[in-house]
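Structure record follows, encoded as structure tokens.
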Amino acid sequence: MKIRFYPLDFKYKVKDDDVIMYVFAKLESGEKVCLKLNYEPYFYACNIDPKLLAKIALPIEDKVARVTHWEEVEKELVGQKQKFLKIYTNFPKAVPPISKELENWGADCYEKDILFVQRFMRDLGLSALGLAEAQGEFQKDTEMRVPVFIAKKIKPADLSSEQKLRILAVDIETYAPTHYIEMEKNPVLMIALSGEDEQGKSFRTLLTWKRFKHDLEYIEVVDDEEELLKRFREVIVDYNPEVLFGYNSDNFDLPYLQIRAKKYGLHLDFGWDRSEIEIRREAKISGILHLDLYQFIRNIFGKNMKTESFSLDNVAFELLGHRKHKADISKLYSAWDEEQEKLEEYCKYNMHDAELTLKLGQKLFLEMLEFARTTGLPLFDTIRMSFSKLVESFIMKKAIAAQVLAPNKPTEYEIERRRGETYEGGFVYEPKPGLYNDIVVLDFRSLYPSIITAHNIGPEGLRCECCTEKKVPGMEAYWFCTREKKFIPSLLEELINKRAQLKKALKTKKGQDNRILEARSLALKMLANSFYGYLGFFGARWYCLECARSTTAYARNYIKDTLRKAESSGFTVCYSDTDSCFLLLGEKSLDEAMVFMKAVNKDLPGQMELDFQGYYPKGLFVGAKGTEKGAKKKYALLTSEGGVKITGFETVRRNWSKISKEVQEQVLHLVLEEKTLDALTYVQKVVKELKAGKIPIEKLVVKTKITRDLERYTSVGPHVAVARKMQEKGYPIYPGMLIEYVIVKGSGIVRERAKMVEEVKEGEYDAEYYIHHQLIPAVSSIFAVLGYSEENIFSESSQTGLGKFFG
DNA sequence: TCCCAACGGGG
DNA sequence: GTGTACGTTGGGA
């Protein structure tokens, strides 16, 4: 019979002489199914006499690794077509020792370290939650929690629709008297579960093992930790989720639960095949797709975010607009022991974390899925990958159809060599410090990707014999084939074109639910933007430093060429960084700038394009500290709407007080609006208020992170001094905590005058400190551009006549 | 200055 | 599991 299904996850088992792939899936009807299919492991080799293969018998564990059969195939390796032996082995783990043995005999072996499940998916063309069909029969199997289908053949099916899934998020709270997490020692106190079924019905349960007064309908109390874990297992088995979300659950929640269960001899065996949670570097449950959102965000999606920390609080705030429930988690242990009336708050905290995790999972699910589909790997693996692996997986998926063999991973020695190789990056024009009028910013859209595709940059076409005349600018030894499109650049071109099509489709479908297309577009964009970095990444299989070098060399050439053209067309260049040109209009009009842009575009090859990025009536470029030179990557622009775009000014550093950020921003605003005198007056007003003690303490708070235990600090900064005082007063202090403090008046060095915020009386702060360490550094470079020195602005003996403000 | 270990997230 | 992240930071040598 034939079934149609959506694969969720995969694993394989070796039974006697069979290698069986398990596909955990959902049937079109919504029922669960586990498909079993035999699949053979293999790798490729050349420079070996096939007669030798039959003799191989290497003992591994309790088995003997053998070659079962082999065939001759033609494949392309870095542009060279060649014959290889495709060598099949009797089980997956036999591949590494056998290939090593062949290498000892002088053979070259390839694709000998491809994870078996990934190999299977790619070869069959399956994709995560993409409809597939199988021929075979259902089989009686009491070992499994779900029906088993013995498949003879599996292949992808055409039509695929969005599948509703039964999802669950988990979060635990534990007994933690110190900052150190000791899973063996301290019990789990609460487990919050928040889920949603296929019909959109929500599910909430919080399990705990202490009785206390509360009004929360979702709390279920058991007798002790052992009962808690038993009940947890029951709830999961009953609810039967397809996807389990967690936040750092690979390294915290699931290992914690597993370790505690082991202590009582309990088995958290909720896998479809009744297997337990497998804790390795990640936590895997057979059949239940465990997605640790922290992994996806840290590895992949975070590249697209502003937050500097990937704590649940920050991430939820940026993506969902909600923060965590406020509660001091470091006191949960004492509340548990002594103040049970406080436990209700901790239950709310726990449940809220689980709910945030569920919402994050729902918000990011399509993105995760699109990355998995583009790379052709299981969702479980995809979200835990770094970008280089993602790019590589995409290339390897495409390699199958192109009959391309993956080059080997670099050896340790080769990695060391590659790490030593450096090259020149983008061109940055050193700006002349000053305030400029009428700036037009043009930038190359996706500069590096478009250069790679336009010039066929890839390892296969490097120094090809047929087209030696077109050298990379400034790189006489580098040239790329112009005759035929090569593998790597053609993949990138495909990504870019697909995304362009998607964008077009999105435009015509405005107002509809386009979340899938948008997620796909994001995945394509992020992958395309990573190709250049991948080619220069030391760990890459398709590493090609010449390619990375050539890409930036072309980029420098194009940008300099554009700047030259701009100058000869009557514009003045005021700044440029990698892919952008800042041009002063002078006597010219905006229209003329557009004409110039179009003229440049006419000469650009392939997908390269210069875009209009914006027009700015004013722009400020400051000098680099302690030099005559202009600072690179540091400027402020005034938009036509009156807004200010700030780049590179350190307004967001947290060890700057609010007042210095505020003053810097305001000064930039005023200066850009040509109200320099107002800016001066404003600064002087703030100085006066500071001196008069009128600035609210809240704006003077400086925040610094504690990075280790307090006794381990050799140099005691103000934040450490304050943290020590706090500790003496009984505040819990642990690494990672942000210490907030204010510098107050008095004698002695700064750290002796650093105080906890709540202890600072109004007007007690040290105005001089804030003027010299916060205000001056924030604005001096700005005023310097306009010809005012620090003394001019701040000193009482100033000749500008403004000193009177400081009396 | 170099090298190695720890960290991130989680309680 | 056809396996061992990764880039940064800070202490100690």
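Numbered from 1 within each chain, the chains take letters A, B, ... in sequence-line order. Remember, predicted model here, so these are calculated numbers, not experimental data.
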query: Please give, in whole Å, the distance from C/dG3 C1' to A/Phe380 CZ?
result: 13 Å
- prompt: Base, sugar-phosphate alone, or nothing: which one does A/Asp381 contact when heavy atoms must sit under 4.0 Å apart?
  reply: nothing
task: Using whole Å, report how far CG of A/Asp292 lies from C1' of B/dG9.
output: 8 Å
task: In whole angstrom, give the distance that lies between atom CD of A/Glu308 and atom C1' of B/dG9.
output: 15 Å
message: Do A/Asp253 and A/Asn248 pair up side chain to side chain, a donor and an acceptor below 3.5 Å, judged on atom types alone?
response: no
- prompt: Is there a donor-acceptor contact under 3.5 Å from the side chain of A/Glu40 to the main chain of A/Tyr88?
  reply: no
query: Looking at A/Tyr42, is A/Arg119 sitting on its ring face, NZ or CZ under 6.0 Å from the six-membered ring centre and within 45 degrees of the normal?
result: yes
message: Using the rule given for ring-ring contact (aromatic ring centres under 6.0 Å, His included), can you reason through A/Tyr110 versus A/Tyr44, listing the C-alpha separation, both sets of side-chain angles and the distance that settles it, and then say yes or no?
response: CA-CA 5 Å; A/Tyr110 297 93; A/Tyr44 297 94; 8.5 Å; no
- prompt: Looking for any heavy atom pair under 4.0 Å, which part of the strands does A/Arg119 touch: base, sugar-phosphate only, or nothing?
  reply: base
message: Could you tell me how far apart A/Arg260 (CZ) and B/dG11 (P) are, to the nearest whole angstrom?
response: 16 Å
query: Looking only at atom P, what distance separates B/dG11 and C/dT4, rounded to whole Å?
result: 30 Å
query: Using a heavy-atom distance cut-off of less than 4.0 Å, which residues of residues 310-327 of chain A contact DNA chain B?
result: A/Phe310, A/Ser311, A/Leu312, A/Lys324
- prompt: Closest to the A/Glu282 side chain: C/dG1, C/dG3, B/dG10?
  reply: C/dG1
- prompt: Taking the same atom, C1', in C/dT8 and in C/dG3, what whole-Å distance lies between them?
  reply: 25 Å
- request: Report which part of the nucleic acid A/Pro96 touches: base, sugar-phosphate, or nothing (heavy-atom distance under 4.0 Å, all strands).
  value: sugar-phosphate
- request: Report the distance from atom CG of A/Asp250 to atom P of B/dG8, rounded to the nearest whole Å.
  value: 17 Å
- request: Report which part of the nucleic acid A/Phe91 touches: base, sugar-phosphate, or nothing (heavy-atom distance under 4.0 Å, all strands).
  value: nothing
- prompt: Any donor-acceptor pair under 3.5 Å joining the side chain of A/Arg280 to the base of C/dG3?
  reply: no
message: Can you confirm if the NZ or CZ of A/Lys63 lies within 45° of the ring axis of A/Phe91 and under 6.0 Å from the centre of its six-membered ring?
response: yes
Between B/dG9 and C/dG7 - C1' atom distance, rounded Å: 16 Å
task: Sticking with atom P, work out how far C/dG10 lies from C/dA5, rounded to a whole angstrom.
output: 23 Å
Length of the line joining A/Lys284:NZ and C/dG3:P, which is rounded to integer Å: 16 Å
- prompt: Which part of the nucleic acid, if any, lies within reach of A/Thr178 when heavy atoms closer than 4.0 Å are counted: base, sugar-phosphate only, or nothing?
  reply: base
message: At 4.0 Å (heavy atoms only), tell me whether A/Gln295 reaches a base, stays on the sugar-phosphate, or touches nothing.
response: nothing
- request: State whether A/Lys409 places a side-chain N or O below 4.0 Å from either non-bridging phosphate oxygen (OP1 or OP2) of C/dT4.
  value: yes
Using a cutoff of under 3.5 Å, can you pull out all pairs of nitrogen or oxygen atoms linking the protein to nucleotides 5-7 of chain C, with atom names and distances?
unit_1, atom_1, unit_2, atom_2, d
C/dA5, N1, A/Arg298, NH1, 3.2

- request: Look at the aromatic rings of A/Tyr532 and A/Tyr448 and report parallel, tilted or perpendicular, splitting at 30° and 60°.
  value: tilted
message: Considering every strand and a 4.0 Å limit on heavy-atom distances, what is the contact class for A/Tyr256: base, sugar-phosphate, or nothing?
response: nothing
message: Just checking A/Lys262: does its NZ atom have more than 12 heavy atoms from other residues, nucleotides or ligands closer to it than 6.0 angstrom?
response: no
query: Closer than 4.0 Å, any side-chain N/O of A/Tyr12 to the OP1 or OP2 of C/dG1?
result: no
task: Would you kindly give the CD1-to-P distance between A/Ile172 and B/dG11, to the nearest whole Å?
output: 8 Å
- request: For A/Leu115, report the nucleic acid contact type (base, sugar-phosphate, nothing); a contact means any heavy atom under 4.0 Å.
  value: sugar-phosphate
- request: Would you state whether a donor and an acceptor, one from the side chain of A/Glu61 and one from the base of C/dG1, lie under 3.5 Å apart?
  value: yes
query: Between A/Glu282 and A/Asp250, which heavy-atom pair has the shortest distance, and what is it?
result: CB-OD2, 3.4 Å
- prompt: Given A/Asp353, which of A/Lys324, A/Arg323, A/Lys359 fulfils the salt bridge (Lys or Arg N to Asp or Glu O under 4.0 Å) condition?
  reply: A/Lys324
field: Residue A/Lys100 excluded, over 12 heavy atoms near NZ under 6.0 Å
entry: no
- request: Say whether A/Asn90 and A/Thr68, considering side chains only, have a donor N or O and an acceptor N or O under 3.5 Å apart.
  value: no
- prompt: Tell me: CG of A/Leu332 to C1' of B/dG10, nearest whole Å?
  reply: 13 Å
